[in-house]
Amino acid sequence: ETEGIIAQLIADFQSLRTKKIVLCTKHLQETPYAGDSNIEFVSGDTSSDEVLAQANVKEARTIVITGHEDARTMAVCLAVNDVLVKAKRTNAHIVAYIESKENERFLHKINPDIECVTSLRTMLIAQAVVNSGISPIIREVVDLDKKPSFFRINIPAFVPELRFATVMDILLNVYKAIPIGIAADH
């Protein structure tokens, strides 16, 4: 799973021109990415202050927490959030993978801005049962070997309210993109 996330980030970085990934894990002693100058490696307990300092979490724009059971993910989120609060970094983006949707409520008590991601496997299996033949379409949309399939566009405050059909037309003609949703800031 972590390897897939890193592969997608590397592919996205080529188009986004973003550079660094710091991989922190206690499960490996040596980097599996030797020779890749875009990936720094830190081995150790990902909830310890020392490992988070070595990973320079206080300077990170985005922190992805994955590969743990939910209790461990919450402990790492708490430790990362503590580092960021002490560094007065309120704009860092924390993304946490959790198995149980119910645990999102607890993570939001730590920090309401933590973005929680849950497994899509169950939904994808159900969709394949209900909509025969949908799996190849979903795989095509989320193919890791292609440029990023999903992205967010912030709409400036000065833009007047528009009908969804108008937004869809603009995005299709200007960005060659199809909107799948519109979210309000919370």
Side-chain angles (χ1 to χ4, degrees), residues 1-33 36-123 142 144 148-157 180-186:
E1 184 171 286
T2 300
E3 294 83 7
I5 292 170
I6 290 176
Q8 181 66 48
L9 289 173
I10 290 169
D12 288 355
F13 287 170
Q14 290 172 356
S15 64
L16 297 175
R17 292 180 174 68
T18 306
K19 292 296 174 200
K20 285 286 184 203
I21 297 172
V22 179
L23 172 61
C24 300
T25 181
K26 67 178 183 179
H27 302 293
L28 300 171
Q29 297 304 312
E30 295 181 8
T31 180
Y33 301 97
D36 189 330
S37 62
N38 290 325
I39 301 175
E40 294 182 29
F41 178 77
V42 178
S43 179
D45 178 359
T46 53
S47 65
S48 78
D49 290 341
E50 297 79 27
V51 169
L52 295 176
Q54 188 179 356
N56 202 19
V57 164
K58 69 180 181 182
E59 298 296 326
R61 278 192 271 158
T62 302
I63 300 99
V64 179
I65 302 166
T66 183
H68 306 287
E69 293 180 4
D70 282 3
R72 182 76 182 136
T73 297
M74 288 188 275
V76 174
C77 282
L78 183 59
V80 165
N81 193 67
D82 185 55
V83 168
L84 295 172
V85 167
K86 286 178 182 173
K88 296 181 176 149
R89 289 284 319 286
T90 58
N91 61 341
H93 183 201
I94 302 173
V95 179
Y97 175 82
I98 55 173
E99 288 288 333
S100 171
K101 182 84 171 127
E102 291 79 35
N103 287 328
E104 184 172 2
R105 182 171 56 94
F106 297 114
L107 285 175
H108 285 163
K109 286 184 178 189
I110 295 170
N111 179 338
D113 294 325
I114 292 174
E115 187 168 344
C116 297
V117 179
T118 57
S119 175
L120 296 176
R121 270 184 236 133
T122 305
M123 184 273 300
V142 297
L144 295 179
S149 300
F150 298 97
F151 54 94
R152 177 180 171 178
I153 298 172
N154 291 322
I155 300 172
I180 57 171
I182 298 175
D185 288 336
H186 40 274

Might you point out which heavy atoms bring [X] and [Y] nearest each other, and give the distance in Å?
| X | Y | result |
| --- | --- | --- |
| T118 | Y97 | C-CE1, 4.0 Å |
| A79 | S47 | CB-O, 3.3 Å |
| C77 | I110 | O-CG2, 4.2 Å |
| L84 | A92 | CD1-CB, 3.8 Å |
| A96 | T73 | CB-CG2, 4.0 Å |
| I94 | I65 | CG2-CD1, 4.0 Å |

Practice problem: State which residues pass side chain to side chain contact (heavy atoms under 4.5 Å, CB included) with E59; sequence neighbours excluded, sorted by chain then number. | Solution: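 E59 satisfies side chain to side chain contact (heavy atoms under 4.5 Å, CB included) with N56 once adjacent residues are dropped.
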
Quiz item: How many angstroms lie between atom CE of M74 and atom CD of E69, to the nearest 0.5 angstrom?
Solution: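 Between atom CE of M74 and atom CD of E69 there are 10.5 Å.
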
Quiz item: Could you state the interatomic distance from CZ (R72) to OG1 (T46), rounded to the nearest 0.5 Å?
Solution: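 These two atoms lie 4.5 Å from each other.
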
With sequence neighbours left out, write down each residue that passes side-chain hydrogen bond (donor to acceptor under 3.5 Å, both in side chains) with [X], or none if nothing qualifies.
| X | result |
| --- | --- |
| E104 | K101 |
| E102 | S100 |
| H93 | E115 |

Quiz item: Would you call L107 and N111 a side-chain contact if the rule is heavy atoms closer than 4.5 Å?
Solution: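 No, too far: nothing below the 4.5 Å cut-off.
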
Quiz prompt | Min side-chain heavy-atom separation T62-V64 under 4.5 Å | solution =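 Heavy-atom side-chain distance check passes, below 4.5 Å.
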
Self-check item: Backbone of I114 reached by a side-chain donor or acceptor of H108 within 3.5 Å
Solution: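 Such a contact is found between H108 side chain and I114 backbone.
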
Exercise. Answer yes or no: is there a donor N or O on one side and an acceptor on the other, between the side chain of D70 and the main chain of E99, under 3.5 Å?
Key: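 Yes.
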
Practice problem: Not counting sequence neighbours, list each pair that qualifies as a salt bridge (charged side-chain N to carboxylate O under 4.0 Å, His left out) and has a residue in residues 78-97. | Solution: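 Non-adjacent pairs meeting salt bridge (charged side-chain N to carboxylate O under 4.0 Å, His left out): D82-K86.
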
